[in-house]
Amino acid sequence: MRIGVIAIQGNVEEHVNALGNALLKADLQAEVIKIKHKGSVNSCDALILPGGESTTLGRLLKREGIASEIKTAANSGIPIMGTCAGLVLLAKYGDEQVEKTGQSLLGIMDIQVNRNAFGRQKESFETMIDFDGFDKPFNAIFIRAPSITGCTNKVEILSKYNDQIVAARQENILALAFHPELTDDYRIHHYFLKMIG
Ligand code: GLN
């Protein structure tokens with residue numbers, strides 16, 4: 001099994017470490033590679049799209065030719081997890097700011113996002129959230145986090161915080177508004193590993 005972490009910008013090492021720990025705990029083996037250029041996405045059995053800055057990430061993914069590879073991978077059923085800015089990129093629809101600036105999204109999940117949902121009031125915070133299927137709450141770290149403001153019935157809501165959707169799944173695509181890679185609780189990476197099967 002090979003898992004690719006898109007390594008253009010953002011929390012790349014943290015995802016690599018969290019994956020390593022989750023694999024160890026689950027007694028599974030996988031090769032984890034960092035993807036900076038086109039040509040390796042299609043060799044992966046799963047992909048992680050880390051947080052960072054979604055406008056920059058979107059632009060670079062397109063320029064590097066990785067964006068179209070990710071879309072093809074998504075269509076072929078490869079599990080993809082997007083966190084924070086990664087969630088924004090997964091979306092089909094943006095908010096007013098996203099639409100106005102015409103930032104490029106991958107558009108592979110039937111969700112609408114609010115890019116900086118928790119923006120001004122609270123730049124960064126952490127809080128315990130309930131996550132579907134988890135027996136104990138998860139300590140979620142939000143950093144200029146987005147939220148999901150709308151979705152079709154193909155999308156399963158996995159977590160809400162203050163009435164805002166902060167985690168959801170559509171078949172092989174998993175989107176999180178917070179940063180599971182910044183904690184030492186690897187349950188979400190483990191959940192993702194189970195999606196790979
Ligand atoms: N809201 C930011 C954006 O749209 C994402 C922040 C993050 O990934 N920590 O780019």
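Every number for a ligand or one of its atoms is a count from 1 in the order of the listing. When reading the values below, keep in mind they use all heavy atoms of this one structure, side chains included, and skip hydrogens, waters and symmetry mates.
- The distance from ligand 1 to the heavy atoms of Glu53 drops below 4.0 Å at these ligand atoms: 10 (O).
- The pair Glu53-Arg115 meets the salt-bridge criterion, with a side-chain N (NZ, NE, NH1 or NH2) lying under 4.0 Å from an Asp/Glu carboxylate O.
- Of all protein heavy atoms, the one closest to atom 4 (O) of ligand 1 is Arg115 NE, 2.6 Å.
- The Asn116 neighbourhood of ligand 1 comprises atoms 1 (N), 2 (C), with distances under 4.0 Å to a heavy atom of that residue.
- Among the atoms of Arg144, some N or O lies under 3.5 angstrom from an N or O of ligand 1.
- Looking at ligand 1, you'll find an N or O of Ala85 within less than 3.5 Å of one of its N or O atoms.
- The ligand atoms of ligand 1 that sit less than 4.0 angstrom from a heavy atom of Gly52 are 5 (C), 6 (C), 7 (C), 8 (O), 10 (O).
- Protein heavy atom in closest approach to atom 7 (C) of ligand 1: Cys84 SG, 2.8 Å.
- Taking a cutoff of 4.0 Å between a charged side-chain nitrogen and a carboxylate oxygen, Arg2 and Glu31 qualify as a salt bridge.
- Under the 4.5 Å side-chain contact rule for hydrophobic residues, Ile129 and Phe134 share a cluster.
- Ring geometry for Phe131 against Phe178 counts as perpendicular: the plane angle is over 60°, on a 0 to 90° scale with 30° as the lower cut.
- Considering both main-chain and side-chain atoms, Pro146 never comes within under 3.5 Å of ligand 1 through any nitrogen or oxygen pair.
- If you check the side chains of Glu181 and Asn17, you find no donor sitting under 3.5 Å from an acceptor.
- Side-chain atoms of Phe118 and Gln164, non-hydrogen and from C-beta on, do get closer than 4.5 Å to each other.
- In summary, Glu13 and Lys34 engage in a salt bridge, as defined by a charged side-chain N under 4.0 Å from a carboxylate O.
- Around atom 10 (O) of ligand 1, the closest heavy atom drawn from Ala177, Ser54, Gly58, Gly51 belongs to Ser54.
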